[in-house]
Amino acid sequence: MRLCHRMSELMEMLIRRGFLWQSFEIYGGMAGFIDYGPLGNGLRRRLENLWREFFVINERAVEIDTPTVNVEEVFIASGHAESFTDVAIECKKCGKVFRADHYIKEKLNIEADCTIEAVKEIIEIYGLKCDCGGEFGEPFHFNLMFTTSIGPGKGKRGYLRPETAQGIFIAFKRLLDYFRGKLPFGVAQIGRAYRNEISPRQGVIRLREFNQAELEFFVHPAEKTHPQFKRYENEVVRLVDKFDNEHEITLREAVERGIIAHELLAYFIGKTKRFLIEAGVDEKRLRFRQHKDDEKAHYAADCWDAEALTSYGWIEIVGIADRTDYDLKRHMEHSGEDLRVFVQFKEPIKVKKLKIVPDLKKLGPVFRKKAKAIAEALERMDVKDANVEKVEVEVDGEKIEVSRDFFSIEEVEETIQGEKIIPHVIEPSFGLDRITYVILEHSFDKDVVDGEERKVLRLKRWMAPVQVAVLPLLSKEEFERVALEIVEMLRNAGIYTEYDDSGSIGRRYRRFDEIGTPFCVTIDHQTFEDRTVTIRDRDTTKQVRVKIDELVNVLKELLSSEKDITEFGEVFRG
RNA sequence: GCGCGGGUAGUCUAGCCUGGUAGGACAACGCCCUUCCGAGGCGUUGGCCCGGGUUCAAAUCCCGGCCCGCGCACCA
């Protein structure tokens, strides 16, 4: 029913104030699903927009949107069907879980069908037991993809996508065209993905339906670099490599020392770090950890996770993987489409080559009708030896020996303009739900104001779901009228604004502190004398007086910067 | 999926052992008063996770389910 029983103060607040709720609550709830309330939804939308700025607008990248329901073929090609629909067996004694087919192959050297019945039978016939001597329980399906059927009746089998990435790979031909055939380019997608987790736990951390923001950055396999790398090369990052060694070094050094495989991965690690900090993740509670070799997904050559320290421990919030050409290759094989990219060489390559030049005058009388075909076959042939006496060609299945009399060999120079390659893809993949949660946990703070403890959510100003609250000091008609005019003015200016006239002014400040509203605008007695209002800063509780006419500009500047409020007006009260 | 512990207004909690009227705090809402950091008064709304059983009577006892937490396992 609840997202956690021993509810932390933070979770209690998030639910009470409308950041997030357990889904399907009135029907008893269902683990692994959450509703975003008004404030949580607002925060996640801000996060998505910031992500777009970093990973779409700021790159040679575009954003697309593809279906969440996919046909089966997609995941057969991607390898997900294989790694998602296994039958598993669990030891009743030691509790270890194995992939049934692997275990049977290893122990009995039998290629078992991957069905529950087949596995059950084999276990019974051979009396298969666990290494520890324990017996296996009932085999069970271990299908992390949600299945569905497309169309009426039995329909066609479909799956809810377990990652957004496949939609991009499938549309690759169109995308390559869109980018006029030139590498590198990025394609992003923000959307829902689904994994039917066996037992989702830890509240919002492991969901069955979740939000991903993924960028697939396609590059030439030999050019895993980025023109903007210098922006991040001196960024010091905290790294944990696959041998569990910790490093606190610059990205340039990490690449030079071979800790990070190449510049492009390092570039995205740096960019991810800047993005997360900009969004409100605490730098001191952020690190990048390399996947160990046995931990990597089936498609990854190298993978680094951004991890954040939370009350659940270190949790993965971003995965930055070098997926190589795995996906495009697999889709080429399964679809039969050519997904290669023609890459022109900087300088065309000139190759000296020996070439057979058929002598048609001699071929014609001897070979008659076959002469033309023989001549063509001769031209296609590779020769290495300029002095070869005779060659054999195959025409319509018939092998024909052709002696030197019928052709000459010349040395020619060929120009090769370029080659066809399968691009590699570097994929930064963001778990938006987890990042949203981490931002909330890292922003949640308590301090003391006038001897009273207060809860305050120190969100980055621009990220706050409610950016400004407008408060009439008195609940009197003339105060309220001016306040509502200001609300309208701010909303028209695109500022997320709320109005609150309920309870004492102190109580209202606390309410907005709790949900992270960075600024409160208060209409007081002086407003009626000089058309000024006060702006109060969430973090310092300081107030300054500002003319109503300047309010929009001042607030916009404050919201898009970290400037001190006292730069913008006379300090009020103090 | 296994084991242990839980589920009472929006939130926290008393009551459960020993069956009989569900009580409080905070929050929310309305009115009054007041007005610059969770003031006060009066009032209001709202609750025993679901289903079954035992019983004259179930929040309480029993069974099943769902959900939550923790440990194990799982997390391509």
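Because only heavy atoms are used, hydrogens play no part in the values below, and waters and symmetry mates are left out as well, while side chains stay in. Keep in mind the model is a prediction, meaning the values are calculated, not measured.
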May I ask you to verify if any side-chain N or O of [X] is less than 4.0 angstrom from the OP1 or OP2 atom of [N]?
X: A:Thr541; N: B:C36; answer: no
X: A:Arg510; N: B:G38; answer: yes
X: A:Arg507; N: B:U35; answer: no

**Study point:** A:Phe528/A:Phe479 aromatic ring centres below 6.0 Å
**Key:**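 They qualify: ring centres under 6.0 Å apart.
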Counting Watson-Crick and G-U wobble pairs only, both distances under 3.5 Å, name the nucleotide matched with [N], or none.
N: B:C56; value: B:G20
N: B:C70; value: B:G3
N: B:A27; value: none
N: B:G38; value: none

Check your understanding: Within the distance-only criterion (no hydrogens, no angle test), does the side chain of A:Arg161 pair as donor or acceptor with the backbone N or O of A:Arg192 below 3.5 angstrom?
Key ->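 Present.
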Without decimals, in angstroms, what is the distance between [X] [atom1] and [N] [atom2]?
X: A:Ile205; N: B:C68; atom1: CD1; atom2: C1'; answer: 15 Å
X: A:Arg17; N: B:A28; atom1: CZ; atom2: C1'; answer: 11 Å
X: A:Phe24; N: B:C68; atom1: CZ; atom2: P; answer: 12 Å
X: A:Arg454; N: B:C36; atom1: CZ; atom2: P; answer: 18 Å
X: A:Glu12; N: B:A25; atom1: CD; atom2: C1'; answer: 13 Å
X: A:Phe479; N: B:C36; atom1: CZ; atom2: P; answer: 10 Å
X: A:Asp501; N: B:C32; atom1: CG; atom2: P; answer: 12 Å
X: A:Glu453; N: B:C37; atom1: CD; atom2: P; answer: 18 Å

With sugar-phosphate meaning primed atoms plus P, OP1 and OP2, does [X] contact a base, only sugar-phosphate, or nothing at under 4.0 Å between heavy atoms?
X: A:Arg508; answer: nothing
X: A:Asp524; answer: base
X: A:Ser475; answer: base

Review point. Looking just at side-chain N and O atoms, do A:Thr522 and A:Asp524 make a donor-acceptor pair shorter than 3.5 Å?
Key: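 Distance-only check fails for A:Thr522 and A:Asp524.
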Practice item. Can you spot which of A:Glu214, A:Glu163, A:Arg323 makes a side-chain hydrogen bond (donor to acceptor under 3.5 Å, both in side chains) with A:Ser429? Key: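 Filter result, single survivor: A:Glu214.
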Review point. Hey, are A:Glu12 and A:Arg16 close enough for a salt bridge, meaning a charged N less than 4.0 Å from a carboxylate O?
Key: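 Looking at A:Glu12 and A:Arg16, the cut-off is met.
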Check your understanding: Any donor-acceptor pair under 3.5 Å between the side chain of A:Gln543 and the base of B:C36?
Key ->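 Indeed, a donor on one side and an acceptor on the other fall under 3.5 Å apart.
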